[in-house]
Each structure stands twice: as structure tokens, then as C-alpha cells.
Student: 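Please see the structure below; I have some questions.
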Amino acid sequence: MNRYVKVPDGYLMVLRQKDNVFYELEKFAKGENIPSANFTGMGFVNIRFGFFDFKTKKYDPKDFSAVELVSMHGTLAWKKDSVSIHAHGVVADKTFQAFGGHILDATVGTGSVEILITPHDKVFERKKDESIGADVLSIDPVP
Amino acid sequence: MNRYVKVPDGYLMVLRQKDNVFYELEKFAKGENIPSANFTGMGFVNIRFGFFDFKTKKYDPKDFSAVELVSMHGTLAWKKDSVSIHAHGVVADKTFQAFGGHILDATVGTGSVEILITPHDKVFERKKDESIGADVLSIDPVP
Amino acid sequence: MNRYVKVPDGYLMVLRQKDNVFYELEKFAKGENIPSANFTGMGFVNIRFGFFDFKTKKYDPKDFSAVELVSMHGTLAWKKDSVSIHAHGVVADKTFQAFGGHILDATVGTGSVEILITPHDKVFERKKDESIGADVLSIDPVP
């Protein structure tokens, strides 16, 4: 089943139950040879957030199951030959309480995830900012 | 009073106190003959969220009054001749605690709601996915 | 260091630690002579939200430090010769609990803030709606 379609502003992607969001975005980026892109989305997911600990340089993870993905914002760039996705999300459970964070992983739950991808015409890379010990999107286009 | 204006990326809609968000989006979609669209928004609302119960196939609703709409993401498609809107929102009250969910209904509170609508050039329909018992956006364009 | 780059859909802005989000957006709007724009973003911030009190006509503020900015939606318009920014955000702390509101001020924390700015081709102004005592974005273009 095809998971995305070309629209004037870029691509509309609709993922189905059990699809992995990052896997599909990576496959898309490589398949369509996307230089870089912004994307927004929403849906129903099982998701893992991580909060970056600047001392250990690791993400402390937490899983949320069967939650509405009420907001997702991200950018798609590169680290050399690898697709590098940076995405933040907000989810809500059946009590409607909201949780959010840096997305480490997400798969579609009993529903779908709709993503609008807005491609750019330049290749951008994520590079380590040594002053903070974390990757930052470089807006100097890769020649 | 006119509620939207054409911009290069689509349409900028500004709704005023007591306007119903879905009613205005439907009126817009029919009036401008929009094949389908993505939209994002924010504002100040009275809103009803619903969490889909996959056993009963119904939404368990909850109302939030006089809250900031801090994020809204949605898609505008069709079910035969009817406009079909799917939107997720995040709201925050005066304590800044955030709540979110699938939007069942929303009216503008003592403020406004600003929406950017990005139209697509193809007609997409929402169709029931029998495996999950819920509607999913089909990306096979309607001829 | 340059903080934004032109992309087909508008501008991609990447702010670095200690940058003030509104200051950089204002500088951008004036420097690029932007008639008006919508923007979305995410990152890591120190932020001040405010909840508008319709009796006192003032914002009750609250600060959140070292939090993920998991969603930001805003519009960039004018009040006479001044840039007028209206932005709503959602943040999450290390427990992943989400908070949101009208953004009064935000600076980049130990990370970055990535913003996609979608310019419009018309000058829009924010004007006081006397019936609610708050500013509302006017979609009547300024000649």
C-alpha cells in the first residue's frame, strides 16, 4: 500500500496501524531523494519520548501507549549519508491530560497518522554543537 | 464579515467570538470548492474533545471552557458529498496545564482563532478501515 | 552567525542558545520586509506564558525553565510600524507533563529552536476588538 501522495505543498503521508513513523519517514526521504524538509502531523500512536540529560548526554525515556498524537512537529535532515529526523510531539490519553517531548520512537496504534511534509531545496545536516553536547540543525547548505 | 483571505500558501482564516470552527471550515471548503486541505491553528476556545472507545465505537467526550487553543492540526477531506474534518487540539487553562485530544466541537471564546489552510489539488475521502472500526484518510485521489 | 535561510515555502530559522525568539523574529521581519507570516516551531527553551485576564486586561505570567518546546504556532503581523507577534506554545519538562499558553517571552535553552516561517503577500495588522478588549488579527490588507 502506498503511504504518501504528492500535493502542491509537498507530500501528504498517511500511515496505518503498526507502521513505524521514523522508518517510513526515512524510507520516504531516501526514496524521493528529499534534500531536507519540515513536517507536521497527528494521529494515534504508541510513542517513546526522551528527555535529554546534559550531564550523561543520554535521553531518559518514557513510553505512552494507545494515545492520541495531538501534535507533531519535525525536521528531516541528514548526518552524512543517514537521514536525521528531529521531532517533538504532544500526546493525550483518555483523560485528555497532555504529555510531550522529544520523540525517540513512534508506531501507529489503532488508527492512523497523517503527516504533511514540506520539502526544502537544500541539503541541511545536523552537526554536534560542542558547547551544548547536542546536535543542532545547520542551515549552511551542503554543497 | 469576511472570515478568510487568500495568501500564497492557501488561506488565512480568522474566526471571531462565537464562531463555530467546524461550521466555518465546512462553509469555506464548500464555498471555495476545496478538493482537500491540511490546516493548523491557534486561538481561544470553548472546546469538546472525544476519546474513541474501540469497544463501543463511540467517543467519550469532555468539555473545556475558556481555554487557550495552543495547537490545532487537522485535515479537511470528504465523505461523498459531505466535508469531513479531522482535527486534534491542545488547550491550556489559566494554570497553564495542557489537555489534548480529538476535537468533536469548538467555538471561539473571548478572543479569536487563527487558522492557516493549505489546500491540496486532489479530492481525498475518509473511509472506514474495517480492521480498526474507524475512519482513515484515503490517499487514493477520487477521480 | 546567520539565523535563517530561504526555502521554497518561506524561511527556515534555527536559533541557538541564549537567542531571544521574539527579538530574532522581529529582526527577521524588518530585515526581510515581511508583509506578514505564519510560523511553526519547536526546540528547547526558557519560556514565559501569560493567561489573559479579561477583567484586568493583563496577562498573568508564569515561567518554565529548561523545557522542551514541543509545539509553537504563531502569526507575524504589524501594529503600525511595529512588528506584532502572536504565538502559542506547548512545553514539556523532564517528567513529560505538558503545559501551554500564550507566549510572552522565550529564549533558547541548552539546545536550539527550529522555526519554519511562511510569509504572506499582504500586510495585516492587529487591531483592538473593543467588544473583548483584546487584539485580533485583521484580514483586511493594509493598502
Side-chain angles (χ1 to χ4, degrees), chain B residues 1-19 24 28 38-47 64-74 87-101 107-119, chain C residues 8-10 35-40 42 47-55 59-64 70-77 86-92 96-103 116-122 124 126-127 129 131-141:
Chain B
M1 185 164 40
N2 202 13
R3 285 175 172 87
Y4 55 86
V5 59
K6 188 91 189 67
V7 291
D9 213 52
Y11 296 85
L12 178 63
M13 176 179 273
V14 178
L15 302 180
R16 310 295 285 258
Q17 195 178 6
K18 295 183 184 169
D19 282 347
E24 296 298 338
F28 156 80
N38 269 58
F39 59 86
T40 59
M42 58 156 201
F44 197 82
V45 294
N46 300 303
I47 199 165
F64 294 86
S65 292
V67 285
E68 295 274 9
L69 178 65
V70 285
S71 163
M72 180 171 66
H73 293 266
H88 286 185
V90 184
V91 300
D93 59 20
K94 66 182 177 181
T95 71
F96 306 102
Q97 198 181 344
F99 300 91
T107 55
V108 184
T110 47
S112 61
V113 167
E114 305 174 6
I115 303 173
L116 182 64
I117 304 162
T118 309
Chain C
D9 214 52
S36 63
N38 269 58
F39 59 88
T40 59
M42 59 157 199
I47 200 165
R48 175 171 291 176
F49 290 135
F51 195 86
F52 194 69
D53 182 329
F54 281 96
K55 286 179 192 157
Y59 286 95
D60 294 323
K62 187 168 181 181
D63 291 337
F64 294 87
V70 284
S71 162
M72 179 170 66
H73 292 267
T75 49
L76 199 155
H86 184 205
H88 284 184
V90 183
V91 299
F96 307 101
Q97 198 181 343
F99 300 91
H102 174 98
I103 302 176
L116 181 65
I117 304 162
T118 309
H120 308 319
D121 54 355
K122 299 175 184 74
F124 299 119
R126 249 178 265 283
K127 292 175 183 171
D129 178 340
S131 70
I132 56 173
D135 283 348
V136 171
L137 182 61
S138 168
I139 57 170
D140 297 323

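Remember, it's a predicted structure, so these values are computed and weren't measured experimentally. Letters go in sequence order (proteins before strands), and every chain restarts at 1. Heavy atoms only: backbone and side chains are in, while hydrogens, waters and symmetry mates are out.
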Student: Is the shortest heavy-atom distance from the side chain of B:E68 to the side chain of B:F96 under 4.5 Å?
Tutor: no
Student: Where does C:F54 contact chain B at under 4.5 Å (heavy atoms): side chain, backbone, both or neither?
Tutor: side chain
Student: Answer with side chain, backbone, both or neither: which region of B:V90 has an atom nearer than 4.5 Å to a non-hydrogen atom of chain C?
Tutor: side chain
Student: Between C:K122 and chain B, with a heavy-atom cut-off of 4.5 Å, which part of the residue counts as in contact: side chain, backbone, both or neither?
Tutor: side chain
Student: Quick check on the interface: out of B:V5, B:N2, B:V91, B:T40, who has the most heavy-atom pairs with chain C under 4.5 Å?
Tutor: B:V5
Student: What I'd like to find out is whether the side chain of C:H86 reaches to under 4.5 Å of the side chain of C:L137, using heavy atoms alone.
Tutor: no
Student: Does the ring centre of B:F64 sit less than 6.0 Å away from the ring centre of B:F99?
Tutor: yes
Student: Please look at C:A98 and chain B and tell me whether the side chain, the backbone, both or neither of the residue comes under 4.5 angstrom of a heavy atom of that chain.
Tutor: both
Student: With a 4.5 angstrom heavy-atom cut-off, could you sort out which part of C:T118 is near chain B: side chain, backbone, both or neither?
Tutor: side chain
Student: With a 4.5 Å limit on heavy-atom distance, are the side chains of C:F124 and C:P141 in contact?
Tutor: yes
Student: Is the shortest heavy-atom distance from the side chain of C:F52 to the side chain of B:T110 under 4.5 Å?
Tutor: no
Student: What part of B:R3 lies closer than 4.5 angstrom to a heavy atom of chain C: side chain, backbone, both or neither?
Tutor: backbone
Student: For each of C:D129, C:N38, C:D140, tally heavy-atom pairs with chain B at distances under 4.5 Å, and name the one with the top tally.
Tutor: C:N38
Student: Under 4.5 Å heavy-atom distance to chain C, tell me which part of B:M13 shows up: side chain, backbone, both or neither.
Tutor: neither
Student: Heavy-atom distances under 4.5 Å only: say whether B:Q97 touches chain C with side chain, backbone, both or neither.
Tutor: both
Student: Report yes if the side chains of B:Q17 and B:F44 come closer than 4.5 Å at any heavy-atom pair, otherwise no.
Tutor: no
Student: Given side chains that start at C-beta, do those of C:T75 and B:L116 come closer than 4.5 Å, heavy atoms only?
Tutor: no
Student: Using a cut-off of under 4.5 Å on heavy-atom pairs, state which of B:G41, B:S71, B:G100, B:S112 scores highest against chain C.
Tutor: B:S71
Student: Indicate yes or no: at least one non-hydrogen side-chain atom of C:H120 is less than 4.5 angstrom from one of C:P35.
Tutor: no
